[in-house]
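For ligands, and for the atoms within them, numbers begin at 1 and follow the listed sequence.
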Amino acid sequence: MERKNTAIVLAAGQGKRMNSKVQKQFLELGGKPLLYYSLKCFQDSGMIRDIILVTGAESVPFCKEEIVEKYGLTKVTKVIPGGKERYDSVYEGLLSCENSDFVLIHDGARPFITEEIIRRGIQGVEKTGACVIGMPSKDTVKIADTQGYVAETPDRSTVWTIQTPQIFEYRLIREAHEKIRCRDMSAITDDAMVVEQETGVKVALVEGSYKNIKITTPEDLDIAEIFLKALEKMAGI
Ligand SMILES: Nc1ccn([C@@H]2O[C@H](COP(=O)(O)OP(=O)(O)OP(=O)(O)O)[C@@H](O)[C@H]2O)c(=O)n1
Ligand SMILES: C[C@](O)(CO)[C@H](O)COP(=O)(O)O
């Protein structure tokens with residue numbers, strides 16, 4: 001039976017760390033809005049049935065006209081307003097795709113998602129119903145104490161840095177979000193944490209790519225321009 005896979009693409013953040021007048025998801029990368037690239041990857045993937053785009057209420061018309069319609073992104077079936085925090089925007093997205101089997105929750109600020117990452121993620125979610133994309137850490141990681149000293153050094157072979165998409169069975173992530181919403185969510189920074197804290201389900205780790213960066217601060221945009229040029233050169237564009 002063919003699965004109904006929905007991508008929820010998040011683009012409702014303020015981009016405070018980017019410190020730019022235009023929200024980072026709408027900044028230009030290679031002449032197109034940064035947000036376009038992840039939407040286009042999901043659009044072109046045969047594994048994705050539909051896309052829910054979550055953005056700021058004030059940006060809904062811009063997204064519909066200047067991104068979805070302009071670039072012919074026909075799989076984007078809904079453009080909806082998000083919430084104050086990332087997890088609020090995810091929850092709004094989840095309320096909009098009730099008839100999905102798997103949902104792939106992705107940061108619109110990560111333009112370098114690929115078809116291969118989607119494929120590995122969808123394979124990974126079949127294991128337990130929960131899967132995150134990430135990469136083994138190349139750096140040694142230290143846990144700090146509150147005074148700014150090293151408290152602990154975890155064994156690097158067990159440390160991964162986590163990316164998106166994060167992929168879940170729809171019911172599992174919806175119910176986990178519903179449970180956690182009545183508690184303090186201030187320390188929740190990704191979707192896997194919601195499943196880790198609210199269910200006994202093990203979350204599978206699947207390799208993404210060191211190029212699948214999140215555009216967070218201005219230097220990330222410079223790196224993204226370099227990656228994009230290299231990808232276009234490889235594709236002969
Ligand atoms: N209320 C929010 C906050 C974040 N996001 C989205 O979640 C992704 C990852 O978040 P992050 O990089 O932290 O984006 P911002 O919240 O915009 O950045 P900052 O924390 O610097 O303000 C981004 O695509 C962002 O648009 C969202 O949809 N809704
Ligand atoms: C979900 C995420 O992209 C995984 O690395 C990250 O945690 C988002 O965090 P942010 O503070 O919203 O950038």
Asks: Which residues satisfy the side chain to side chain donor-acceptor pair (under 3.5 Å) test with Asp222, sequence neighbours excluded?
Replies: none
Asks: If you look only at pairs with a residue in residues 121-143, which of them pass as a salt bridge (Lys or Arg N to Asp or Glu O under 4.0 Å), with sequence neighbours excluded?
Replies: Arg3-Glu126
Asks: Heavy-atom pairs closer than 4.0 Å: do any link ligand 1 to the side chain of Lys84, the backbone, both, or neither?
Replies: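 Within the 4.0 Å criterion, Lys84 contacts ligand 1 through backbone atoms alone.
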Asks: For atom 28 (O) of ligand 1, what's the nearest protein heavy atom and its distance?
Replies: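 Nearest neighbour among protein heavy atoms for atom 28 (O) of ligand 1, to 0.1 Å: Ala12 N, 2.9 Å.
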Asks: Can you confirm, on distance only, whether ligand 1 has an N/O atom lying under 3.5 Å from any N/O atom belonging to Thr216?
Replies: no
Asks: Tell me whether Glu2 at atom CD has more than 12 heavy atoms from other residues, nucleotides or ligands lying less than 6.0 Å away.
Replies: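 Counting other residues, nucleotides and ligands, CD of Glu2 stays at 12 neighbours or fewer.
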Asks: Can you check whether Ala109 has an N/O within less than 3.5 Å of an N/O in ligand 1?
Replies: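 The answer is yes, given that Ala109 and ligand 1 share an N or O pair closer than 3.5 Å.
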Asks: Among Asp107, Ile105, Val9, Ile113, exactly one meets side-chain contact (heavy atoms from CB on, under 4.5 Å) together with Pro165. Which residue is that?
Replies: Ile113
Asks: Looking at atom 17 (O) of ligand 1, what's its closest protein heavy atom, distance included?
Replies: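 Protein heavy atom with the smallest distance to atom 17 (O) of ligand 1: Gly15 N, 2.7 Å.
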Asks: Are the charged groups of Glu116 and Arg120 less than 4.0 angstrom apart, N to O?
Replies: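 Salt bridge between Glu116 and Arg120, a charged N being under 4.0 Å from a carboxylate O: yes.
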Asks: Which residue and non-hydrogen atom of the protein lie closest to atom 14 (O) of ligand 1, and at what distance in Å?
Replies: Lys24 NZ, 3.2 Å
Asks: Give the ring-plane orientation class for Tyr91 versus His177, where under 30° counts as parallel, over 60° as perpendicular and anything between as tilted.
Replies: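 It falls in the parallel class, under 30°.
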Asks: Atom 9 (C) of ligand 1: which protein heavy atom is closest, and how many Å away?
Replies: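 Checked against all protein heavy atoms, atom 9 (C) of ligand 1 sits closest to Asp107 OD1, 3.4 Å.
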Asks: Would you check ligand 2 and list the protein residues that come within less than 4.0 Å of it by any heavy atom, ordered by chain and number?
Replies: Arg17, Arg86, Asp107, Arg110, Ile162, Thr164, Thr189, Asp190, Lys214
Asks: Considering only the protein, which heavy-atom contact is closest to atom 22 (O) of ligand 1, and what is its distance?
Replies: Lys16 N, 2.7 Å
Asks: Any pair with a residue in residues 26-55 that passes salt bridge (Lys or Arg N to Asp or Glu O under 4.0 Å), sequence neighbours left out, goes on the list, sorted by first then second residue, please.
Replies: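 Salt bridge (Lys or Arg N to Asp or Glu O under 4.0 Å) check on residues 26-55 returns Lys40-Asp44.
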Asks: Suppose we measure from atom 25 (C) of ligand 1 to each protein heavy atom; which comes out shortest, and what is that distance?
Replies: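 Ranked first by proximity to atom 25 (C) of ligand 1 is Gly13 N, 3.7 Å.
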Asks: Less than 4.0 angstrom from a charged side-chain N to a carboxylate O is my criterion; do Arg174 and Glu178 meet it?
Replies: yes
